[in-house]
Amino acid sequence: MTDQRFNPLAADARWQARWEQDATFVADDASAKPKSYILEMFPYPSGRIHIGHVRNYTMGDVLARYKRMTGHEVLHPMGWDAFGMPAENAAMEKGVHPGGWTRDNIATMRAQLKKLGFAIDWTRELATCESDYYGHEQALFLDLLEAGLVYRKESAVNWDPVDMTVLANEQVIDGKGWRSGAPVEKRKLSQWFLKITDFADELLDGLGDLDKWPDKVRLMQENWIGKSEGLTFRFAVAGSSGTVEVFSTRPDTIFGASFVAVAADHPLAQRIAADNADAAAFVARCKQGGTTAAEVETQEKLGFDTGLKAIHPLDANIALPIYIANFVLMDYGSGAVMGVPAHDQRDLDFARKYGLDVRQVVTPDDSADAVFEGDTAFTGEGRIVNSGFLDGMDVTAAGAAVTARATSENWGEATTTWRLRDWGVSRQRYWGTPIPIIHCATCGPVGVPKDQLPVVLPEDVDFKTPGNPLDRHPSWSQVDCPKCGGAARRETDTLDTFVDSSWYFLRFASQPKDRPFDPEIVRQWLPVDQYIGGVEHAILHLLYARFWTRALARIGMIDVKEPFAGLFTQGMVTHETYKAGDGSWLSPNEVKRDGADWTRIIDGTPVTPGRVEKMSKSKKNTIDPLPIVDQYGADAVRWFMLSDSPPERDLPWSEAGIEGAWRFVQRLWRLIGSVGKGGGETDKPLAQKLHRTIAGVGDDISALAFNKAVAKLYELANAIEKAKPSATRDDAIDGLVRLVAPMVPHLAEEAWAQMGRANNEDRGLIADAAWPVADPALLVDDEATIAIQVMGKLRDTMTLPKGMAKDEIEAAAMAREKIVAYVGDSVPKKVIVVPDRLVNIVL
RNA sequence: GCGGGCGUGGCGGAAUGGUAGACGCAGCGGACUUAAAAUCCGUUUUCCAACUGGAAGUGCGGGUUCAAGUCCCGCCGCCCGCACCA
């Protein structure tokens, strides 16, 4: 009845054209069905689709198709995160325009995605680099500005003194600019910030409701927001009227303080540096190096003794040296800390280095030496010692006592501090959304009136000189002030691309021309039911999108607070690496395998296979999925993406794996071709297998456990192959086709048509067919295999009817020949019986 | 440095605290074939015994439990994030 072999090249094109022609996957805003919004993180148009994309979109696609078959109206859109630095780098390196480069890449990648047969509603495609997207973003920015959620302040950037340009963190390598090689400096610029800290509490509390998010992501966000309760208090500075304010989460250790440290850009440090050359040199040295936390925290801890003394608020006889230190961050707390070396590792390292006192004030036992030995700080619970009125209290009580005293004596107060900082969105770059602000000498910064939006990026820019082309553009920035009409200047910074990705899921739901979205339609689709992307976005993108959504909710534009009800973080695709004799990396298509050995194809020289690693251009272990799609068809590639590795873990790409998938696709095809040979016979074991598979595969797909669904489908296929022709077998094949349809949709459509089902249901497509329903009666087993252990070791198994009483099971176990041999004459001390599972005899 | 995760055969992995290794890949043996491809059948944790069996075994070291891959404590290794990569 069917062709001998499944021909994916013909089938893929045929069904893709059919789906497009029928508008099969176009989401209907007016549908009465329950909605399901499935979204994968949209790609950056880097040039070509890579395997990671294929894996990501295949997962979402299976879920989207499964939801369709289970009666949902599915929204599964696709777009392009199209602004960003790679386009500008391409412009500088290849002399192409960022816009042209980006749009060409989009065209290529769209065509590539279409070849994979994804069930995407392409009518909603968007690209963030087009003014019909970013213009609305500018309007939203102005709304937030009006609501008081946007402000301007100074903030440090990485400055390359040779290229005279701002560098991104990834452009700073070992503290040097990636192009110039010059040591990078921190430089302060006036920049725009969004008040995400206003939402810190909400964003933290909201995590509690996100029960379909991985715990690890919620935990990471919780730690990132970093709520900490403590005491803000002031030290008087000896010999002056000034004070230094510090924040500490451990006020109980206040008598253990042996120094105070301030950040290099703390006002006190600045003041001292103004008339102390050594201090100025130290402050300048702290400005060297990059701005990242990792860099700051791995630097050698350095301090500069200012000579000033801080008076201990609880004992005026204690004077603590005040240091300027490179590990204290101006952005956190008050930019100054008290150092308690005995109970904080970083403080201890610092004290040892500079020969400062180390006073122990918390003890886990009764030892109460005033002097702390050793190089490991004690940070645990214990009793307070050497601390005057606090002695004998536990850590919590002592903290409360100090806070109460500070409050009553007015030198400090209980404070909640957050690690989360406001979101700096200014970027000194061209290829991004222009910030819709006009700077006027008399009126200050003024928002561009909404009727003048979008502020469109000029196309005529040059990239021959480094720095921001918008800033250098001869006329673009010259405008009149919207308020006073006087000569003014446009803001030439653009928005962080994370802003673009903070609301694209709203625009997918609804895209009117005259406003960012229609709130009514957004209400229907949002929240996204299942969002899928890499863990690398666990914090920034996901937190910013949560914030942006809440900000829009606060100003009354939408009523959803959490954009993503369900989240799944998928693993990377990895590949073995290969090294030539000279140590250079080789790509997989430059090498071949001879038995256990690997050789280089061009000259037959030996090759050393290396570790399986994340695909990267530098190690040349990348695989281009498109030639593989052309060779094996979309279904084999999709099947391989789903089999074996759990989706949250890394997937090692292998030639053998794709060939295995190809063989399975062909095997399925032959199996389906054998349908219709049965008469009226039934085959109960096969029916049970089918219905268990139906139940299991549905559960597995819902949980995104695709590898488990695949394993169950293999088992069903094996069982059908072994079964004799029967009506049950034909039913099982029908079921199998429906069950594999979300994963190998082209083959399933082809089979559906060949099986003559095309005219029976809906529009004749399996994409619209119903997901089978498991018969509960066939899911239960009437027998159980029971393990028999003696002293916890498996010695025998027996098969008994399900639901037998414990004592009957025990008696049956004790009567087994093997068990009698093990137990002998001894009387068991105890026998544990888990009905239908196991018996454990303890001697 | 800080935060988070992961670690099970040759490989990818499966396993509500209850029979570790389902399912797949690769390998090995066989059938079919003039031959090959394709396909099909069997086999495959390690060690000892070589028949039926026994012992060890889930990164390392401890612990809880009748029972631990799973729970607890301490390590090691690798991966992700650290606010201007997306």
Side-chain angles (χ1 to χ4, degrees), chain A residues 4-5 41-44 46 81 83-86 155 157-158 166-172 191 196 214-217 219-224 226 290-299 301 327 331 345-346 349 419-429 496-498 500-501 534-541 543-544 569 571-572 574 611-614 643-646 648-652 654 656-657 659-661 663-664 666-667 670 707-708 710-715 718 721 785-789 791-797 828-832 834 837-843:
Chain A
Q4 209 62 38
R5 277 166 76 95
M41 292 179 184
F42 66 164
Y44 179 78
S46 54
D81 190 12
F83 273 139
M85 293 203 311
S155 177
V157 294
N158 299 306
V166 175
L167 298 178
N169 286 336
E170 70 156 13
Q171 297 172 321
V172 179
Q191 309 196 59
I196 189 171
D215 288 341
K216 63 173 175 180
V217 175
L219 192 55
M220 279 191 263
Q221 291 214 349
E222 184 182 326
N223 290 334
W224 183 263
T291 56
T292 70
E295 204 163 346
V296 170
E297 286 167 36
T298 48
Q299 272 171 357
K301 311 275 176 288
F327 59 85
D331 289 322
Q345 190 60 46
R346 195 171 55 183
D349 296 343
R419 213 186 74 94
L420 182 69
R421 308 199 300 258
D422 275 336
W423 176 13
V425 294
S426 296
R427 297 291 181 272
Q428 296 69 40
R429 288 183 232 299
D496 181 3
T497 55
F498 275 127
D500 307 336
S501 53
V535 239
E536 64 273 22
H537 296 292
I539 295 173
L540 293 181
H541 161 59
L543 194 63
Y544 291 149
T569 55
M572 297 177 301
T574 57
R611 293 168 24 129
V612 173
E613 291 193 61
K614 175 181 182 173
S643 21
D644 297 350
S645 283
E648 69 277 11
R649 264 199 247 175
D650 291 351
L651 168 72
S654 72
E659 279 169 12
R663 277 199 300 273
F664 182 70
Q666 293 302 337
R667 209 178 122 205
R670 285 193 301 274
N707 60 318
K708 294 187 206 171
V710 163
K712 290 187 175 84
L713 290 166
Y714 270 117
E715 287 188 45
N718 290 344
E721 273 180 346
T785 303
I786 294 174
I788 309 171
Q789 297 179 338
M791 296 300 286
K793 292 198 177 201
L794 180 72
R795 295 304 182 187
D796 198 7
T797 59
K829 277 192 204 141
K830 198 170 168 187
V831 178
I832 285 118
V834 181
R837 294 217 76 132
L838 127 164
V839 177
N840 188 11
I841 299 156
V842 184
L843 294 178

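Just so it is clear: chains get the letters A, B, ... in the order the sequence lines come, proteins before strands, and each one is counted from 1.
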Carboxylate-amine/guanidinium proximity below 4.0 Å for A:Glu297 and A:Arg346: no
How would you label the contact of A:Thr292 with the nucleic acid (heavy atoms, under 4.0 Å): base, sugar-phosphate, or nothing? sugar-phosphate
For a quick test of reading the model: is some side-chain N or O of A:Asn718 closer than 4.0 Å to OP1 or OP2 of B:G24? yes
Contact class for A:Lys829 (heavy atom, under 4.0 Å): base, sugar-phosphate, or nothing? nothing
Tell me whether the OP1 or OP2 atom of B:C66 has a side-chain N or O from A:Lys830 closer than 4.0 Å. yes
Check this one for me: any side-chain N or O of A:Asn707 less than 4.0 Å away from OP1 or OP2 of B:C23? no
Side chain to side chain contact (heavy atoms under 4.5 Å, CB included) between A:Val831 and A:Val839, intermediate numbers included: CA-CA 7 Å; A:Val831 178; A:Val839 177; 3.8 Å; yes
Does the pair A:Asp349/A:Lys301 count as a salt bridge with the N-to-O cut at 4.0 Å? no
Whether A:Asp650 side chain and A:Thr574 backbone form a donor-acceptor pair below 3.5 Å: no
B:G12 pairs with, by Watson-Crick or G-U criteria that keep both distances under 3.5 Å: B:C23
Taking the P atom of each, how far is B:G17 from B:A68, in whole Å? 14 Å
Could you tell me whether the phosphate oxygens of B:A22, OP1 or OP2, come under 4.0 Å of any side-chain nitrogen or oxygen in A:Lys708? no
Sugar-phosphate only, base, or nothing, as touched by A:Asn840 at under 4.0 Å among non-hydrogen atoms: base
Look at all strands and tell whether A:Ser426 reaches a base, only sugar-phosphate, or nothing, counting heavy atoms closer than 4.0 Å. base
Quick one: label A:Ser501 by what it contacts on the DNA or RNA (base, sugar-phosphate, nothing), any heavy atom closer than 4.0 Å. nothing
A:Val834 near the nucleic acid: base, sugar-phosphate alone, or nothing, with a heavy-atom cut-off under 4.0 Å? base
Report yes if a side-chain nitrogen or oxygen of A:Ser643 is closer than 4.0 Å to either non-bridging phosphate oxygen (OP1 or OP2) of B:G24; otherwise report no. no
Who does B:C82 pair with, Watson-Crick or G-U, both distances under 3.5 Å? B:G1
Name the nucleic acid region contacted by A:Arg419, choosing base, sugar-phosphate or nothing; use a 4.0 angstrom heavy-atom cut-off, strictly under. base
Assign A:Pro646 to base, sugar-phosphate, or nothing according to its heavy-atom contacts below 4.0 angstrom with the strands shown. sugar-phosphate
Give none if B:U34 has no partner; otherwise give the nucleotide forming a Watson-Crick or G-U wobble pair with it, both distances under 3.5 Å. none
Any base atoms under 4.0 Å from A:Leu713, or only sugar-phosphate, or nothing? Heavy atoms, all strands. nothing
Assign A:Val166 to base, sugar-phosphate, or nothing according to its heavy-atom contacts below 4.0 angstrom with the strands shown. base
pair_partner(B:A56), Watson-Crick or wobble, both distances < 3.5 Å, evaluates to B:U45
Roughly how far apart, to the nearest Å, are B:C60 and B:A50 at atom P? 31 Å
Taking B:U19 as the reference, what is the distance to B:U70 when you measure between their P atoms (whole Å, please)? 14 Å
Please work out if A:Ala538 contacts a base, only the sugar-phosphate, or nothing of the nucleic acid, heavy-atom cut-off 4.0 Å. nothing
Is the shortest side-chain N/O distance from A:Lys793 to OP1 or OP2 of B:A56 below 4.0 Å? yes
Looking for any heavy atom pair under 4.0 Å, which part of the strands does A:Glu222 touch: base, sugar-phosphate only, or nothing? nothing
Taking the chi torsion of B:G62, is it syn (within 90° of 0) or anti (everything else)? anti
Parallel, tilted or perpendicular: which fits the ring planes of A:Phe664 and A:Tyr714, with parallel below 30° and perpendicular above 60°? tilted
Please classify the nucleic acid contact of A:Trp423 as base, sugar-phosphate, or nothing, using heavy-atom distances under 4.0 Å. nothing
For A:Arg649 and B:A14, is the shortest distance between a side-chain N/O and OP1 or OP2 below 4.0 Å? yes
Just checking A:Leu838: base, sugar-phosphate only, or nothing, at a heavy-atom cut-off of under 4.0 Å? base
